[in-house]
Amino acid sequence: TRLASFFTQKRLIKFYPSYIRYSNSSVEKIMQDFEPDVIVSKASIPLVNVHLSAPLVYLCDSTVKWVKVGWPHFSKLGFSIMERWERKVIDKADHILTFSDANAKVLINDYGKQAHQVSVHPMPSSLSENLCGDEKRALTKDKPIHLLLVGKTYYGKGVDIAIEATRLSNQNGIPALLRVVGQDGNDEDSVRFLRICSKKDPQQLQNYIKNYQWAHFLILPSRFDAAGIVPSEAAGFGVPTITNASGGLATTVKHRVSGIVLEKNSPPQAYAAVLEQYWNNPEDYLSLRQSTYDRYQSELNWGVLSKRLIEIIQKAVNTHSP
């Protein structure tokens with residue numbers, strides 16, 4: 001595998017057969033001991049070669065077939081093997097909950113699932129509801145626009161695009177500051193890099209939240225994102241997201257409701273134009289903030305999703321034929 005990675009500059013595969021054997025054996029033993037009425041899983045690998053004794057509800061943010069087109073990080077051979085493994089689990093699933101319309105289409109059109117077996121719900125925030133709340137932050141021309149990008153990968157999350165959009169905005173006479181949370185980088189006058197925060201540490205979590213309380217917009221020019229958690233986290237503070245229709249982001253962010261969804265692979269100029277639009281129309285910005293927070297309360301939190309998931313599980317149990 002190291003040799004393959006050296007020549008292709010890509011990882012051969014994500015999981016190895018030894019792990020599949022181990023995890024599958026563990027699941028089979030637990031099923032025998034526990035005798036579940038339903039199985040809920042957000043991972044496919046532990047179930048590849050398992051004969052399921054109960055209905056399966058599979059939480060699938062992205063399929064291998066979809067990812068290999070949008071973000072070909074693994075070798076062709078690796079993708080082929082992983083797709084075969086995943087297909088076995090998708091075939092077994094009584095119902096699949098996915099987090100984007102784009103992935104739902106792949107499940108139906110390429111994997112052969114029936115439409116009634118697939119549900120879509122936008123990716124919810126990972127932050128507890130009691131930590132959130134709309135800050136009612138206005139745009140005023142005596143202060144810069146505060147832009148926040150949260151992500152661990154520079155190229156994948158489009159940090160270069162966000163930086164250039166910030167520069168263009170300042171050049172156009174619209175002052176803007178950008179914070180990049182989650183990675184190191186070279187600071188400049190209008191750009192600051194902040195390392196990743198551990199949400200498990202109370203103090204670091206509070207520091208992480210302060211970034212959302214500071215921001216006017218979350219900017220997320222991702223080159224591929226299966227769904228994206230951070231737009232939902234931002235929505236919990238009334239912070240709209242400016243993004244593009246890459247991967248499943250057009251489901252997580254609802255255009256002109258919880259942010260602005262530009263065309264896929266939009267250039268920095270398009271992001272700067274959005275900033276100019278709301279800079280000149282601060283009332284529209286406040287309206288967007290309100291609809292963003294409203295969507296967080298109605299869709300983008302785990303309280304709402306958990307109720308829907310319970311309904312899906314109950315239906316799977318009731319309709320399952322042994």
Side-chain angles (χ1 to χ4, degrees), residues 1 4-5 11-68 71 73-100 103-104 106-124 126 199-200 226-227 229 247-248 302-322:
T1 59
S5 298
R11 291 173 63 187
L12 174 64
I13 202 166
K14 188 173 184 179
F15 299 101
Y16 293 96
S18 59
Y19 175 75
I20 292 180
R21 288 193 297 271
Y22 171 77
S23 61
N24 287 194
S25 176
S26 298
V27 170
E28 287 177 339
K29 186 179 185 305
I30 291 171
M31 283 197 307
Q32 291 173 1
D33 295 342
F34 187 64
E35 297 181 354
D37 296 311
V38 65
I39 299 167
V40 180
S41 179
K42 63 185 291 291
S44 62
I45 292 298
L47 303 172
V48 170
N49 296 314
V50 177
H51 176 72
L52 301 180
S53 61
L56 169 63
V57 175
Y58 177 35
L59 278 62
C60 176
D61 63 347
S62 61
T63 54
V64 174
K65 193 175 188 70
W66 184 40
V67 171
K68 76 178 181 182
W71 195 245
H73 188 64
F74 295 93
S75 66
K76 290 183 179 179
L77 175 61
F79 271 124
S80 177
I81 294 170
M82 291 189 294
E83 186 178 344
R84 186 168 67 250
W85 288 339
E86 184 184 56
R87 186 176 291 274
K88 288 184 177 182
V89 178
I90 289 175
D91 288 344
K92 297 174 189 177
D94 291 71
H95 200 93
I96 299 177
L97 174 66
T98 189
F99 300 104
S100 72
N103 194 47
V106 174
L107 286 164
I108 293 168
N109 296 334
D110 297 317
Y111 286 82
K113 299 306 287 186
Q114 299 296 310
H116 70 272
Q117 293 179 295
V118 180
S119 296
V120 178
H121 190 97
M123 179 69 77
S126 65
K199 298 176 187 176
K200 296 180 181 179
I229 295 175
W302 269 101
V304 175
L305 179 55
S306 63
K307 293 178 182 177
R308 187 170 186 190
L309 185 56
I310 289 171
E311 293 174 356
I312 291 171
I313 291 171
Q314 189 63 59
K315 185 176 180 180
V317 172
N318 293 340
T319 60
H320 182 67
S321 298

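Keep in mind that what you see is a predicted model, and the values were worked out from it rather than measured.
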[X] to [Y] - nearest heavy-atom pair and separation:
{"X": "A104", "Y": "V120", "result": "CB-CG2, 3.5 Å"}
{"X": "K65", "Y": "D110", "result": "CD-CB, 3.5 Å"}
{"X": "T98", "Y": "C60", "result": "OG1-O, 2.5 Å"}
{"X": "V27", "Y": "V50", "result": "CG1-CG1, 4.2 Å"}
{"X": "H95", "Y": "I312", "result": "CD2-CG2, 3.5 Å"}
{"X": "S23", "Y": "P46", "result": "OG-CA, 3.5 Å"}

Measure the [atom1]-[atom2] distance between [X] and [Y] for me, rounded to the nearest 0.5 Å.
{"X": "T319", "Y": "Q314", "atom1": "OG1", "atom2": "CD", "value": "10.0 Å"}
{"X": "K113", "Y": "T63", "atom1": "NZ", "atom2": "OG1", "value": "13.0 Å"}
{"X": "D91", "Y": "E86", "atom1": "CG", "atom2": "CD", "value": "10.5 Å"}
{"X": "D94", "Y": "L52", "atom1": "CG", "atom2": "CG", "value": "8.5 Å"}
{"X": "I90", "Y": "W85", "atom1": "CD1", "atom2": "CH2", "value": "14.5 Å"}
{"X": "Y58", "Y": "S44", "atom1": "OH", "atom2": "OG", "value": "4.0 Å"}

Quiz item: Stepwise, does the side-chain contact (heavy atoms from CB on, under 4.5 Å) test hold for L309 with H121?
Solution: CA-CA 10 Å; L309 185 56; H121 190 97; over 6 Å; no
Exercise. Take I229 and F99 through the test side-chain contact (heavy atoms from CB on, under 4.5 Å) and record every step on the way to the result.
Key: CA-CA 10 Å; I229 295 175; F99 300 104; over 6 Å; no
Quiz item: Would you say the side-chain atoms of K199 pair up with the backbone N or O of S126, donor to acceptor, closer than 3.5 Å?
Solution: no
Practice problem: Output, in order, the C-alpha distance, side-chain angles, deciding distance and verdict of salt bridge (charged side-chain N to carboxylate O under 4.0 Å, His left out) for E311 and K307. | Solution: CA-CA 6 Å; E311 293 174 356; K307 293 178 182 177; over 6 Å; no
Self-check item: NZ/K315: more than 12 non-hydrogen atoms of other groups inside 6.0 Å
Solution: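 Incorrect, the count does not exceed 12.
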Self-check item: Residue D37 excluded, over 12 heavy atoms near CG under 6.0 Å
Solution: no
Quiz prompt | Heavy-atom side-chain proximity of S26 to Y22 below 4.5 angstrom | solution = yes
Quiz prompt | Sole residue of V118, I96, V106 in side-chain contact (heavy atoms from CB on, under 4.5 Å) with Y111 | solution = V106
Exercise. Please lay out, stage by stage, how N103 and D61 fare under the test side-chain contact (heavy atoms from CB on, under 4.5 Å).
Key: CA-CA 7 Å; N103 194 47; D61 63 347; over 6 Å; no
Exercise. Any chance you could lay out the side-chain contact (heavy atoms from CB on, under 4.5 Å) test for I45 and I20, step after step, and finish with the verdict?
Key: CA-CA 6 Å; I45 292 298; I20 292 180; 3.7 Å; yes
